[in-house]
*Asks:* 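Sharing a structure, written as structure tokens. Questions coming.
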Amino acid sequence: MDFNMKKLASGAGVFFTRAVQFTEERLGQAERTEPDADLERLAGRADVTRLWTERICRQTEVLLRPNPGVRMEEFLYEKLDRTAPQRPASGQLLGRHMEDAARSLGPELAYGRGLLLVGACEQRLGRAEREFSQVSAVALIGPLRDFLEGDWSLITKERRLLENRRLDLDACKARLRRAQAAESKAATQPDFQETRPRNYVLSASASGLWTQEVEKAGDELQRAQAEFDQQAEVTKLLLGDISSTHVNHLRCLHEFVEAQAAYYKQCHLHMEDLQKELACGSAGGSGQQGEQSGGGGDPPSPPPGSRRARVLFDYDAADASELSLYADQLITVYTVPGMDSDWLIGERENHRGRVPVTYLELLS
């Protein structure tokens, strides 16, 4: 208990001394040790890096999640150390609405077929957007946050400790100057009734006591100077690592650009496929009208007993006899005699081919 009280009293004394030194510096009543020019340059570069890292990280989050409510919800889940629920992208919601509208209006109509095609494409775009957001969060936002929450927190801690060491050093310098002035005054004109406001009680041997105070203050100054120099070197090393941080962030920036380029390329391919499917659908509709008036050339209609099915996962055709699928598409399926039970014939506009049953959800 005595040890804790002594430690508490000592800590309070150090805090008070620093507060007095800081206040006197603000008022212009105390001298301040000028920082090393190289250290100041490194600190300035680190401050700029921290400032723009915060802004880039925040604006990247706005780019990936424009809805501020969603960002706030994810922030709260992160602080509560819980996993945020998966939210579909806006394109996916739009695609679902279009497909629901097509089922309500009738997929046999030209407008219904168009809604199905566009809805499926919008869902693919939505999935691509969500994947891009996930990749970007890992490639760019994650490293930036790690720097702000890890490296920068350590730098801030060491810089704060360096500032405390500087206040202690300047307080020791001021104490030594006061002791030297009092020693000189006591040696020339002793005044045993003098009481100074902050420190010393004079006695008959005032000159000798002030000499001891000067020696004590000199020892404290040497110790404070050594601690300050040591802390300055530690802080300078941490600030010098900002160069390696720049290199790491540049690599993350390259990964983000590659992910963004892949995302836009994928979106472009999806839109090109959609344009082709819409053009084929329009041509198919004209062909059906010609067939009713006597023309021909379109594939025959699906046999009786065909059903609608929703595609659960993307599927790439292995050969020309199979049909490529995209998740959440609506297609027509039916069986043919002698076919393996694990497969069905799928039809999407003018495209037909075998599709695996495990990739489908049969609708009533």
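It should be emphasised that the depicted structure is a prediction, and the values quoted were computed from it without experimental measurement.
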*Asks:* Looking at side-chain heavy atoms only, is the closest gap between Ile345 and Thr335 below 4.5 Å?
*Replies:*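 In short, these two side chains do not touch, never coming nearer than 4.5 Å.
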*Asks:* Start with the C-alpha distance between Val333 and Ile331, add both sets of side-chain angles, then the distance that settles side chain to side chain contact (heavy atoms under 4.5 Å, CB included), and finish with yes or no.
*Replies:* CA-CA 6 Å; Val333 295; Ile331 63 174; 3.8 Å; yes
*Asks:* Taking Leu237 as the starting point, is it possible to reach Leu162 by hopping between hydrophobic residues whose side chains are less than 4.5 Å apart?
*Replies:*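 No, no single cluster joins them.
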*Asks:* Any heavy-atom pair between the side chains of His246 and Thr49 that's under 4.5 Å?
*Replies:*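 Thr49 vs His246: side chains touch.
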*Asks:* Of His249, His254, Glu255, which is the lone residue that meets side chain to side chain donor-acceptor pair (under 3.5 Å) with Arg251?
*Replies:*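 So, applying the side chain to side chain donor-acceptor pair (under 3.5 Å) to Arg251 and each of His249, His254, Glu255, only Glu255 qualifies.
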*Asks:* Under a 4.5 Å side-chain heavy-atom rule over Ile, Leu, Val, Met, Phe, Trp and Tyr, are Leu154 and Leu161 clustered together?
*Replies:*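 No.
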*Asks:* For a quick test of reading the model, state the closest non-hydrogen atom pair linking Glu322 to Ala317 and the distance between them.
*Replies:*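 Where Glu322 meets Ala317 most closely, the heavy atoms are O-CB, 3.6 Å.
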*Asks:* From Glu158 CD over to Ser153 OG, what is the distance, rounded to the nearest 0.5 angstrom?
*Replies:*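 Answer for the CD-OG pair, Glu158 versus Ser153, is 12.0 Å.
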*Asks:* What heavy-atom pair brings Ala139 and Cys252 nearest, and what distance separates the two atoms?
*Replies:*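 Minimum heavy-atom separation between Ala139 and Cys252: O-CB, 3.1 Å.
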*Asks:* Do the non-hydrogen side-chain atoms of Glu131 and Tyr263 ever get within less than 4.5 Å of each other?
*Replies:*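 Not touching, per the 4.5 Å side-chain cut-off.
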*Asks:* May I ask you to check whether over 12 heavy atoms, not counting those of Gln230, lie within 6.0 Å of atom CD?
*Replies:*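 Open: at most 12 neighbouring heavy atoms sit under 6.0 Å from CD of Gln230.
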*Asks:* Nearest 0.5 Å, please: how far is SG in Cys57 from CH2 in Trp52?
*Replies:*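 Trp52 atom CH2 to Cys57 atom SG measures 14.5 Å (nearest 0.5 Å).
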*Asks:* Test your reading of the model: is there a side-chain donor-acceptor pair from Glu361 to the backbone of Ala309, 3.5 Å cut-off?
*Replies:*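 Not confirmed, Glu361 side chain does not pair with Ala309 backbone.
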*Asks:* Between Lys236 and Leu239, is the side chain to side chain contact (heavy atoms under 4.5 Å, CB included) condition met? List the steps.
*Replies:* CA-CA 5 Å; Lys236 188 179 295 186; Leu239 293 174; 5.7 Å; no
*Asks:* Report yes if the side chains of Val311 and Val355 come closer than 4.5 Å at any heavy-atom pair, otherwise no.
*Replies:*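 With C-beta onward as the side chain, the pair stays apart.
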*Asks:* Less than 4.0 Å between a side-chain N and a carboxylate O, is that true for Asp100 and Arg96?
*Replies:*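 No.
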*Asks:* Should the pair Tyr315 and Trp343 be assigned to parallel (<30°), tilted (30 to 60°) or perpendicular (>60°) ring geometry?
*Replies:*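 Aromatic pair Tyr315/Trp343 classed perpendicular.
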*Asks:* Nearest 0.5 Å, please: how far is CG in Leu140 from CD in Glu61?
*Replies:*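 Glu61 CD to Leu140 CG: 10.0 Å, rounded to 0.5 Å.
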*Asks:* Gln92 side chain to Ala89 main-chain N or O, any donor-acceptor pair under 3.5 Å?
*Replies:*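 Flag set: sc Gln92 to bb Ala89 pair under 3.5 Å.
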*Asks:* Working to the nearest 0.5 Å, report the span between CG of Leu116 and CD of Glu277.
*Replies:*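 It comes to 11.0 Å.
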*Asks:* Taking atom types as modelled, is there a side-chain donor on Arg308 or Thr332 under 3.5 Å from an acceptor on the other?
*Replies:*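 Side chains of Arg308 and Thr332: pair found under 3.5 Å.
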*Asks:* Is there a side-chain contact between Arg307 and Tyr334 (heavy atoms, below 4.5 Å)?
*Replies:*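 Heavy-atom side-chain distance check fails, nothing below 4.5 Å.
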*Asks:* What heavy-atom pair brings Gly240 and Arg45 nearest, and what distance separates the two atoms?
*Replies:*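 Looking at all heavy atoms of both residues, the shortest contact is O-NH2, 4.0 Å.
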*Asks:* Quick one, Val118 with Leu274, criterion side chain to side chain contact (heavy atoms under 4.5 Å, CB included). Give me CA distance, side-chain angles, the key distance, then yes/no.
*Replies:* CA-CA 7 Å; Val118 177; Leu274 176 61; 4.1 Å; yes
*Asks:* For the residue pair Ile155 and Ile242, establish whether any side-chain heavy-atom pair is separated by less than 4.5 Å.
*Replies:*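 Yes; the side chains approach each other to less than 4.5 Å.
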*Asks:* Does NZ or CZ of Arg124 come closer than 6.0 Å to the centre of the six-membered ring of Tyr326, within 45° of the ring's axis?
*Replies:*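 Here Arg124 passes the 6.0 Å and 45° test against Tyr326.
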*Asks:* Would you call Arg127-Glu122 a salt bridge at under 4.0 Å N-O?
*Replies:*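 So Arg127 does not pair with Glu122 through a salt bridge.
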*Asks:* So, applying side chain to side chain donor-acceptor pair (under 3.5 Å) with Glu272, which one of Lys276, Gln275, His270, His268 is it?
*Replies:*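 Running side chain to side chain donor-acceptor pair (under 3.5 Å) over Lys276, Gln275, His270, His268 with Glu272 returns exactly one hit, His268.
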*Asks:* Is the shortest distance from a Lys or Arg side-chain nitrogen in Lys216 or Asp219 to a carboxylate oxygen in the other one below 4.0 Å?
*Replies:*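 Salt bridge absent between Lys216 and Asp219.
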*Asks:* Between Val357 and Leu362, is there shared hydrophobic-cluster membership here, with clusters defined by ILVMFWY side-chain heavy atoms closer than 4.5 Å?
*Replies:*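 Same cluster: Val357 reaches Leu362 through Ile, Leu, Val, Met, Phe, Trp or Tyr contacts under 4.5 Å.
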*Asks:* What pair of heavy atoms forms the shortest contact from Trp152 to Asp47, and how long is it?
*Replies:*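 Where Trp152 meets Asp47 most closely, the heavy atoms are CH2-OD1, 3.3 Å.
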*Asks:* Within a strict 4.5 Å, meaning less than it, do heavy atoms of the Leu238 and Leu42 side chains meet?
*Replies:*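 Sidechains of Leu42 and Leu238: no contact.
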*Asks:* Does Asp241 use its side chain to pair, donor to acceptor, with the backbone of Ser244 at less than 3.5 Å?
*Replies:*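 Flag not set: sc Asp241 to bb Ser244 has no pair under 3.5 Å.
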*Asks:* Looking just at side-chain N and O atoms, do Thr156 and Arg50 make a donor-acceptor pair shorter than 3.5 Å?
*Replies:*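 No, no side-chain donor-acceptor contact under 3.5 Å.
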*Asks:* List the atom of Gln225, the atom of Lys173, and the distance in Å for their closest heavy-atom pair.
*Replies:*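 For Gln225 and Lys173, the tightest heavy-atom pair comes out as OE1-CE, 4.3 Å.
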*Asks:* With the threshold set at 4.0 Å, does a side-chain nitrogen-carboxylate oxygen contact exist between Arg159 and Glu163?
*Replies:*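 No, no charged N to carboxylate O under 4.0 Å.
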*Asks:* Can a donor-acceptor pair be found, under 3.5 Å and without considering hydrogens, that links the side chain of Asp168 to the backbone of Ala224?
*Replies:*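 Answer holds: no.
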*Asks:* Backbone N or O of Ser133 within a donor-acceptor pair of the Ser136 side chain at under 3.5 Å?
*Replies:*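 The answer is no, because no donor-acceptor pair under 3.5 Å joins these two groups.
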*Asks:* Decide whether Leu93 and Phe132 are clustered together by the hydrophobic rule: side chain heavy atoms of Ile, Leu, Val, Met, Phe, Trp, Tyr closer than 4.5 Å, transitively.
*Replies:*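 Different clusters: Leu93 never reaches Phe132 through Ile, Leu, Val, Met, Phe, Trp or Tyr contacts under 4.5 Å.
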*Asks:* Calculate, to the nearest 0.5 Å, the distance between atoms CD and OG belonging to Glu129 and Ser90 respectively.
*Replies:*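 Separation between the atoms: 6.0 Å.
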*Asks:* Between Tyr359 and Leu312, does a side chain to side chain contact (heavy atoms under 4.5 Å, CB included) hold up when you go through it step by step?
*Replies:* CA-CA 5 Å; Tyr359 281 70; Leu312 299 177; 5.6 Å; no
*Asks:* If you round to the nearest 0.5 Å, how far is CZ of Arg223 from CG of Leu221?
*Replies:*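 Nearest 0.5 Å value for the CG-CZ distance: 10.0 Å.
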*Asks:* Is it possible for you to say whether Ile56 and Leu51 belong to one hydrophobic cluster, with membership spreading through side-chain heavy-atom contacts below 4.5 Å?
*Replies:*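 No, separate clusters.
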*Asks:* If you look at every heavy atom in Glu99 and Gln329, which pair is closest and at what distance?
*Replies:*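 Closest heavy-atom pair between Glu99 and Gln329: OE2-CA, 4.3 Å.
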